[in-house]
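Structure first, commentary second.
Side chains are part of it too, since the values below use all heavy atoms of this structure and drop only hydrogens, waters and symmetry mates. Numbers restart at 1 for each chain; the letters A, B, ... are given by sequence-line order, proteins then strands.
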Number of protein chains: 2
Amino acid sequence: MGKRKPTSTNTINRETLIDFCGMVYAVDILGGRWKLLILYKLEGRTLRFSELKKRLPNVSDRMLTLHLQELEKSGLVIRTVHAEVPARVEYHLSESARQLAPVWKQLEQWGLAHRDVMEKAGELSVAIQS
Amino acid sequence: MGKRKPTSTNTINRETLIDFCGMVYAVDILGGRWKLLILYKLEGRTLRFSELKKRLPNVSDRMLTLHLQELEKSGLVIRTVHAEVPARVEYHLSESARQLAPVWKQLEQWGLAHRDVMEKAGELSVAIQS
DNA sequence: TTTTGCGCTTACATTTTTGTGTGCTCCGCA
DNA sequence: TGCGGAGCACACAAAAATGTAAGCGCAAAA
């Protein structure tokens, strides 16, 4: 979002890991507050900025802009400006992003299941304590 | 890592999203600099702290400890302390984490493929410019 | 008998990066 | 004159990653 300091250990580690591991690279691309949701909302359809915004709970214009830009740079989202007045800008998923869809669905499944497991474990330990 | 300020918009958004979306929850758990690598290295085997450390490029003790603690809290990694001297501490994947393995492998595949796509796109645009 | 070392963790201080808030722009139309 | 769509610029707060140093329990070395 802001610029990175290219000499920081943080940046160096990040690059090293991205470099030798596809999944770190993947999560690096997907890991912003709104990215996954944006992709999810764009699945199977084209939306314009304002429509996308309505569908995301509590995003500010700024955040949406920023994350869309990054997704565009990462090649997941394609931005089309229609030269009308007022300008109309539409977003849709790239081929690559479409291929990612099954993966994030599994991630979703796993997430729900894991949350369940964790909640039960939580209840259990509460029960033991009492 | 540090504590979160519970009233910040950041925290509130995070919780909202985690709450209504399994994959955001999943990525929230998996999204630290070293988490995926740790899981990956622990796949199919048990390792102790120092062994793990050797296998990760350039991690500090501190980072490793922190991330392991979070993974433990998230229920992905199980920590076993052997009461010897000097203490021996071993880590292995939880059942939940094991179920995640196929997903992260796909993510890995996708990551590699996508990186390829992006690199080609990059070359192409360079070629066009020249 | 003091000193050293191992394997792992914690406390405290800092630096980087990420996420937000606010205000401003540009362009025609009503 | 004001509105709506789609942002951008600048300033700041919060969270994540890192660095440094110290601690602990006890055996083996000096």
Would you say B/R4 reaches D/dA16's phosphate, i.e. side-chain N/O to OP1/OP2 under 4.0 Å?
yes

Starting at the 5' end of DNA chain C, which residue's closest nucleotide do you reach first, B/L66 or A/S8?
B/L66

To the nearest Å, how far apart are B/L68 CG and C/dG7 P?
17 Å

Contact under 4.0 Å: A/W34 side-chain N or O vs C/dT18 OP1/OP2
no

What does nucleotides 20-30 of chain D look like as a protein-contact string, B for base, S for sugar-phosphate only, - for none, at under 4.0 angstrom between heavy atoms?
B----BS----

Please work out if A/H67 contacts a base, only the sugar-phosphate, or nothing of the nucleic acid, heavy-atom cut-off 4.0 Å.
sugar-phosphate

Between C/dG21 and B/T9, is there an OP1 or OP2 to side-chain N/O distance shorter than 4.0 Å?
yes

Select one nucleotide: of D/dA15, D/dA6, C/dT9, the one nearest the side-chain heavy atoms of B/R79.
C/dT9

So, is A/R33 near the phosphate of C/dT18, with a side-chain N or O under 4.0 Å from OP1 or OP2?
no

Any side-chain N or O of A/Q69 under 4.0 Å from OP1/OP2 of D/dG7?
no

B/T11 side chain N/O closer than 4.0 Å to the phosphate oxygens (OP1, OP2) of D/dA15?
yes

Identify the two heavy atoms, one from B/V77 and one from B/L68, that lie closest to each other, and give their separation to 0.1 Å.
CG1-CD2, 4.5 Å

Side-chain N,O (B/N13) to OP1/OP2 (C/dG19) below 4.0 Å:
no

Tell me the interatomic distance from A/Y91, atom OH, to D/dG7, atom P, rounded to whole angstroms.
3 Å

Can you figure out which of D/dA17, C/dT9, D/dA6 approaches the side chain of B/M63 most closely?
D/dA17

What integer distance in Å separates A/E90:CD from D/dG5:P?
14 Å

